[in-house]
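What follows is a single structure, written as structure tokens, with notes after it.
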Amino acid sequence: MKKPEINMETAVIHKGYKSSLHHDSLATPLYQTSTFAFESAEEGENRFAGNCEGNIYSRLGNPTVRVLEERMAEIEYGEGALAFGSGMAAVSAVLIHLTKAGDHVLCSRGIYGCTFGLLEMMEEKYGITHNLVSMTTEQEIEQALRPETVCIYVETPINPTMEIVNLEAVVSVAKKHGLRVVVDNTFSSPYLQNPIQLGADFVLHSATKYLNGHGDVVGGILVGKDGAEMQKLRMTVQKDVGGIMSPFDAWLLLRGLKTLHVRMDRHISNAKTVLAFLKQEPLVKKIYYPFDENHPQVEIAKRQMRDGGGLISFEIEGGKKEAQAFMNALSLVKIAVSLGDAETLIQHPASMTHAVVPEPSREAMGITESLMRLSVGLEHTDDLISDLTKAFEAVKPKLQEA
Ligand SMILES: *Cc1c(COP(=O)(O)O)cnc(C)c1O
């Protein structure tokens, strides 16, 4: 783990960029180039041999992308970071890096649907097995280990029910058994949770979400505790599988990242206002929010997260018909998957993000037909609450009919 040199709020604006090296440009320039010209054949030889600094080809590194990577390493307590073309490219890179045929990956009880799909494919093609278990205590984790387990892969809070994985317990078991720990930190963002600081080896993000925050980029970031290992990853899996981030997407991300802390503060305060509104609404049956006093793992959440974040899941009276009617009655709140944007977004996990999960497993995970996930945006909360109020009014007659 590398201790940050500057505070996160400063790092997202300044880290890794020196304007005097770029014609005094205040903003990080966009190096929209695929390749780099060498002064001489010998210089090219030396760059390839690693005897001198300098760019070669944008799949191996690009100056705009590098600034983003340095910033992300700094704010996630890592010694190195790599940017990818999507969150899934970062997930697949770290899993390819850590596993070989016959290995086993232990996962938290819920993981992103495409991560699950990737693990299923790796099992089918390479015999790399996985299983999903609840991870609130060390005992639960210990019991699920197999002789061929090589890494523990977790998400916390888990989408969409906000179940919390106890990171301290995960790290403690992993240390005892020599396993690597990977945390998908997309839901919390580096502002709320820093898994490497808690002992994880890798942390990854779908940069599409809070890091960018403006809904106009698909990207991924992988941060590692060990700089030499990250350099190795750069020159193997990232270079040879090739799922790199484009310079333009890195440029947009640098722009979005500068306001991460400001945006997160407002996402959180808006979410808490909406949470209080939902709690007094009689049609709301259940609410899931990590820092809600009724959350079963609120103590663990408060130990490892700085605050509860901008996502709220809730169940209303009725079933799928009522949930869909509720969503259709909204106008300001947009019906869309993804999260962490300025716009407030709502989605229906049972028919959207988790539609591929068989119904019995879905029910076991708490994903009922009337559960919706709200990504609270940056609008004025009065406007959000009046939109939500209108939608609840629209559902009431439907429930009376039934
Ligand atoms: C969106 C998401 C991903 C995948 O990221 P993409 O950028 O869409 O490839 C992975 N994990 C979590 C938790 C996500 O929300």
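In listed order, ligands and their atoms are each counted from 1.
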- prompt: Is the Tyr210 to His205 ring centre distance short of 6.0 Å?
  reply: no
query: Ring centroid separation for Phe116 and His354, is it under 6.0 angstrom?
result: no
message: By the definition side-chain hydrogen bond (donor to acceptor under 3.5 Å, both in side chains), identify the one residue from Glu229, Gln238, Arg180 that meets it with His97.
response: Glu229
Tyr77 and its side-chain hydrogen bond (donor to acceptor under 3.5 Å, both in side chains) partner, picked from Lys3, Lys225, Lys2, Gln197: Gln197
query: Is it true that the NZ or CZ of Lys302 lies under 6.0 Å from the centre of Phe291's six-membered ring and within 45 degrees of the ring axis?
result: yes
Ligand 1 N/O to protein N/O, distances under 3.5 Å:
from, atom 1, to, atom 2, distance (Å)
ligand 1, 5 (O), Ser206, OG, 3.0
ligand 1, 7 (O), Gly87, N, 2.9
ligand 1, 7 (O), Ser206, OG, 2.8
ligand 1, 7 (O), Thr208, OG1, 2.7
ligand 1, 9 (O), Gly87, N, 3.0
ligand 1, 9 (O), Met88, N, 2.9
ligand 1, 11 (N), Asp184, OD2, 2.6
ligand 1, 15 (O), Lys209, NZ, 2.7

query: Heavy atoms, side chains only, cut-off 4.5 Å: are Asp292 and Met162 in contact?
result: no
